[in-house]
Amino acid sequence: MVLGGADRLTEGASALARRMNIPEIIIGLTVVAAGTSAPELFVSLVSALKGTPDMAMGNVVGSNTMNAMLIVGCAAMVAPMTISRNTVKKDIPFSVAASVLLILIAFDSFLSRLDGILLLIGFAAFLYYGIKTAKSSQSTTVVANSPLSMLRSTLYLLLGLTLLIVGSNVFVDSASRVAYSLGISEGVVGLTIVAGGTSLPELATSVVAARKGQSAIAIGNVIGSNVFNILLILGTTAVISPMQIHGITIVDMSMMLGSVALVWLFSYTRYTVERWEGALLLGAYLVYLGWLLSNV
């Protein structure tokens, strides 16, 4: 379901981008990112409401680390990812800034309603920036004839989002029960099992997009999802249910920030993430995962 949904989502989003004269990177940063971040929103909100804030925070921190290291790594190993100058100079720095903001406000191990409002203000600024960038880029966008009608493109988009959300939730529910039966802490469950499950849409969407040569959607999806996860998901969750956090360490937060910083660094090399850089990102993530599990 996740893989099929990602295929339909990418196809529909790409067709809509061409028909509406909107750059693919903006579609990736907004529509696709919002859809694939829906599992994180649902899981984090329910986790906080049920009194398991470590899982809510671990879900976002783990998902963002996985997005930047595992997903970009896998996508780049499938096909080198070409990154636009605008993405390197504006979009990725926004993701870095969001990560820094989260570390600063979560330094006291508590996310208050005021912190949540601050994150939501940042999200509004991100949306404003995305719309402004789209408008300024329209004049230079080359539009190709889309093979799909507007109605069919929209249906593909909705079908893809539905399959992604349902498939991911089934995975997360099952995996979480297995993890709890093994006696693993909420924080580690959030950073690994839950983050892995809710990041399946981003992984599938980005790898499929990279395989189709649509690296703009692949990288836009990852960067957009990271910003959505921090600003919208944790912002909304904290406003509804303030969270006391104990199980997420400074190492986990640093890995989240370092992962997107690495993607930013690699993107500066000829504005391309090469296969060997993708392999390095993937290897670094596996080392972190091994360290995390060894401390369970």
Side-chain angles (χ1 to χ4, degrees), residues 29 33 37 40-41 43-45 47-48 52-72 88 90-127 129 185-192 194-196 198-199 202 222-267 281 284-285 287-289 291-292 295:
L29 282 166
S37 289
E40 282 94 335
L41 175 59
V43 170
S44 290
L45 186 56
S47 296
T52 55
D54 283 349
M55 182 177 289
M57 176 65 85
N59 178 32
V60 168
V61 173
S63 290
N64 281 17
T65 304
M66 192 173 291
N67 284 351
M69 303 188 84
L70 175 64
I71 295 176
V72 173
V88 173
K90 295 180 179 180
D91 298 325
I92 300 180
F94 209 112
S95 182
V96 172
S99 300
V100 171
L101 176 61
L102 177 59
I103 291 174
L104 291 176
I105 66 175
F107 194 75
D108 59 353
S109 300
F110 183 70
L111 283 186
S112 65
R113 285 193 171 90
L114 182 60
D115 293 332
I117 291 171
L118 184 61
L119 291 172
L120 290 176
I121 291 172
F123 177 69
F126 174 70
L127 277 188
Y129 156 76
S185 69
E186 291 171 5
V188 173
V189 170
L191 287 164
T192 55
V194 177
T198 56
S199 288
E202 285 90 344
V222 167
I223 300 304
S225 291
N226 278 17
V227 175
F228 270 60
N229 289 348
I230 293 174
L231 300 181
L232 176 62
I233 294 174
L234 283 182
T236 302
T237 304
V239 167
I240 295 174
S241 177
M243 297 179 289
Q244 188 74 46
I245 304 155
H246 297 292
I248 308 303
T249 68
I250 189 63
V251 174
D252 302 318
M253 302 287 272
S254 298
M255 282 298 300
M256 176 188 67
L257 175 59
S259 62
V260 72
L262 264 181
V263 172
W264 193 15
L265 175 65
F266 290 159
S267 299
L281 285 169
Y285 178 75
V287 169
Y288 166 65
L289 188 62
W291 174 84
L292 194 65
N295 287 290

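Predicted model, so just to flag it, every value in this text is computed and none were measured.
- Put simply, the side chain of Asn229 never gets that close to the backbone of Val60: no donor and acceptor are under 3.5 Å apart.
- Of the inter-residue distances, the one linking Thr192 atom OG1 with Met66 atom CE reads 7.5 Å to the nearest 0.5 angstrom.
- Side-chain N or O atoms of Thr52 include one that pairs as donor or acceptor with a backbone N or O of Ser47 at under 3.5 Å.
- In this structure, OG in Ser199 is found 8.0 Å from CG in Leu70, a value given to the nearest 0.5 Å.
- What you find for Asn67 and Ser225 is that their closest heavy atoms are ND2-CB, 3.8 Å.
- Closest non-hydrogen pair, Gly58 versus Ala195, comes out as O-CB, 4.3 Å.
- Distance check, rounded to the nearest 0.5 Å: CG of Asp115 to CG of Asp108 gives 6.5 Å.
- For the residue pair Val72 and Ala68, the shortest heavy atom distance occurs at CB-O, 3.3 Å.
- A distance of 15.5 Å separates CD1 of Ile223 from NZ of Lys90, quoted to the nearest 0.5 Å.
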Please output the side-chain donor-acceptor pairs of residues 230-245 that fall under 3.5 Å, not counting sequence neighbours, one pair per line with the distance.
from, atom 1, to, atom 2, distance (Å)
Thr236, OG1, Leu232, O, 2.7
Thr237, OG1, Ile233, O, 2.7
Gln244, NE2, Ser109, O, 3.0

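- Annotation: the span from Asn64 atom CG to Asn59 atom CG amounts to 9.5 Å, rounded to 0.5 Å.
- Scanning both residues, Leu281 and Met69, for their nearest heavy atoms gives CB-O, 3.5 Å.
- Ring geometry for Trp291 against Tyr288 counts as parallel: the plane angle stays under 30°, on a 0 to 90° scale with 60° as the upper cut.
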Which pairs would a plain distance check flag for residues 256-266, meaning a side-chain donor or acceptor within less than 3.5 Å of a matching protein atom at least two apart in sequence or in another chain?
from, atom 1, to, atom 2, distance (Å)
Ser259, OG, Met255, O, 3.2
Ser259, OG, Met256, O, 2.7
Trp264, NE1, Val88, O, 2.9

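- In this structure, Tyr129 and Phe94 have parallel ring planes: the angle between them is below the 30° cut-off, well short of the 60° mark.
- Side chain of Asp252 to backbone of Thr249: a donor-acceptor contact under 3.5 angstrom is found.
- Using modelled atom types, one side-chain atom of Ser99 and one backbone atom of Ser95 make a donor-acceptor pair closer than 3.5 Å.
- For the pair Ile248 and Asp54, the tightest heavy-atom approach, listed with the atom from each and the gap, is CD1-O, 3.8 Å.
- Residues Ala48 and Ala56 share a closest heavy-atom pair of N-CB, 4.2 Å.
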